[in-house]
**Q** 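Let me begin by handing over the structure; questions about it come next.
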There are 2 protein chains.
Amino acid sequence: MAGNFQITDAEWEVMRVVWTLNQATSKDIADILWTKKNWKQATTKTLIGRLVHKGLLNTEKDGNRYQYRAAVNKSEGIKLFETKLLGRVCNKDIGKVIASIMAEATLSHDDITLLEEALQEKKNEAVDEVRCGCVKGQCLCKTVN
Amino acid sequence: MAGNFQITDAEWEVMRVVWTLNQATSKDIADILWTKKNWKQATTKTLIGRLVHKGLLNTEKDGNRYQYRAAVNKSEGIKLFETKLLGRVCNKDIGKVIASIMAEATLSHDDITLLEEALQEKKNEAVDEVRCGCVKGQCLCKTVN
DNA sequence: GTTATAGGTTTACAATCGTAAACGATTAAA
DNA sequence: TTTAATCGTTTACGATTGTAAACCTATAAC
């Protein structure tokens, strides 16, 4: 089931609501997205329909309407997007990308602690040199021209 | 000039080549993307055209053809995508997102060092609690009935 | 000089995306 | 019970994306 799905920006707004409420009706979702994005209910309905179709939302009948639930959890969804970011850069640059994200993020002391631990973890499996997986011409690891 | 541009997946492939070669002809790019993606030259040409149109590639005449150069540098491009990722989650979750990326990345000892330093930096500006900027209903920071 | 070739520009075209109205069925209100 | 509000489904429609062929022009080869 996991795999090759993708969540567009607009669909993501819907998923966030469902992830948060855990279970929601189209009205629940529409109300929130009206507040946030001024989307007409019709717009939200379309997005819900597409997500159901894609198998990203499950439905459970509840009278004349549905309760929607996420078919993929939030971490999976986020991870999918993380992977997309990492897929855009050379493996060797990922460290720098992480540093860059860190730089532009506001972090709490707890976050710092969390990351320090995570980093500590990574030390065990750190390599001397990350392997570049790029084709020649898409990163400088390979000699160009 | 910086701002509201966006680079699609396919366009990104072109940008990576230009960022790498620093300057390239359409043939340079097409050859590389043929190797990597089996794209016909026509496809690459279309992408180049769109990027020029968007102002993401600059042209410099060179005989009967152009030398293309990136109008935004790689870091900017990557940062744009990072921002997009961060925009999808609650500010409070960014620490966890970073940890998650770290977890799925292969890092070198040097990367670890770099990140340790970056983290150290962040300590100075770390806050007690990150402010959630979400609307109610899109993250659990706000009480949801 | 005529022709083949390479490079840029135009046109194409289906799929996806963002945004929404219209429609039909059903339930709740009057 | 007639009506109004609600909910899901269908249809709409322009913009963007992925993928490419066709075309036109200027060089390069003969």
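Letters A, B, ... mirror the listed sequences (proteins, then strands); counts begin at 1.
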**Q** Given D:dT17, D:dT27, D:dG18, which nucleotide is nearest the side-chain atoms of B:N64?
**A**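 Nearest to the side-chain atoms of B:N64, counting from C-beta on, is D:dT27.
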**Q** Using whole Å, report how far NE2 of B:H53 lies from C1' of D:dT16.
**A**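 Spelled out: NE2 on B:H53 to C1' on D:dT16 is 12 Å.
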**Q** Could you list by number each residue of residues 37-51 of chain A showing a heavy-atom separation from DNA chain D of less than 4.0 Å, or answer none if no residue does?
**A**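 Within residues 37-51 of chain A, the residues near DNA chain D are A:K45, A:R50.
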**Q** In whole angstrom, give the distance that lies between atom NZ of A:K36 and atom P of C:dT19.
**A**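 The answer, rounded to whole Å, is 12 Å.
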**Q** When you check the gap from the basic side-chain N to the acidic O, do A:E116 and B:K122 get nearer than 4.0 Å?
**A**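 Looking at A:E116 and B:K122, the cut-off is not met.
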**Q** Is any side-chain nitrogen or oxygen of A:K61 closer than 4.0 Å to OP1 or OP2 of D:dC7?
**A**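 For D:dC7, OP1/OP2 do not have a side-chain N/O of A:K61 under 4.0 Å.
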**Q** In this structure, how many angstroms lie between the P atom of D:dT17 and the CD atom of B:E11, rounded?
**A**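 Distance check: B:E11 CD to D:dT17 P gives 6 Å.
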**Q** Could you pick out which residue, A:G63 or A:A10, lies toward the 5' side of DNA chain C when each is mapped onto its nearest nucleotide?
**A**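 First, find each residue's nearest nucleotide; the 5'-ward one identifies A:A10.
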**Q** Measuring from A:L21:CG to B:K136:NZ, what's the distance to the nearest 0.5 Å?
**A**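 These two atoms lie 10.0 Å from each other.
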**Q** Output the rounded distance in Å from CG (B:L33) to C1' (D:dT17).
**A**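 Going from B:L33 (CG) to D:dT17 (C1'), I get 16 Å.
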**Q** Can you find a side chain N or O atom of B:T25 that sits less than 4.0 Å from OP1 or OP2 on C:dG7?
**A**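 No, outside the criterion.
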**Q** Between B:R50 and B:E11 (salt bridge meaning N to carboxylate O under 4.0 Å), is one present in this structure?
**A**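 Salt bridge absent between B:R50 and B:E11.
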**Q** With a cut-off of 6.0 Å (strictly less than), are more than 12 heavy atoms of other residues, nucleotides or ligands near CD of A:E121?
**A**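 12 or below, so no.
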**Q** May I ask you to test the B:S100-A:E82 pair for a side-chain heavy-atom distance under 4.5 Å?
**A**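 Answer yes - side chains close enough.
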**Q** Which of the following nucleotides, D:dC7, C:dG18, D:dT17, is nearest to the side chain of A:T8?
**A**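 Minimum distance to the A:T8 side chain belongs to C:dG18.
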**Q** Under 4.0 Å between a side-chain nitrogen and a carboxylate oxygen: does that hold for A:K36 and A:E13?
**A**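 Judged by the 4.0 Å cut-off on N to carboxylate O distance, A:K36 and A:E13 do form a salt bridge.
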**Q** Between atom OH in B:Y66 and atom P in D:dA26, what is the gap in whole Å?
**A**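 Taking OH of B:Y66 and P of D:dA26, I get 11 Å after rounding.
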**Q** Which residue pairs satisfy the ring pair (Phe, Tyr, Trp, His ring centres under 6.0 Å) criterion with at least one member in residues 77-123 of chain B, sequence neighbours excluded?
**A**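 Found A:F81-B:F81.
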**Q** C:dT5 C1' sits how many Å from B:R65 CZ, rounded?
**A**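 Computing the B:R65:CZ to C:dT5:C1' distance gives 13 Å.
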**Q** Separation of A:E13 atom CD from C:dC17 atom C1', in whole Å?
**A**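 To the nearest whole Å, that distance equals 14 Å.
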**Q** Once you round it to whole Å, what is the distance between P of D:dT16 and CG of B:D9?
**A**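 These atoms are roughly 16 Å apart.
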**Q** Less than 4.0 angstrom between a side-chain N/O of B:S26 and OP1 or OP2 of C:dA6, yes or no?
**A**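 Answer no for this pair, as no side-chain N or O of B:S26 is under 4.0 Å from OP1 or OP2.
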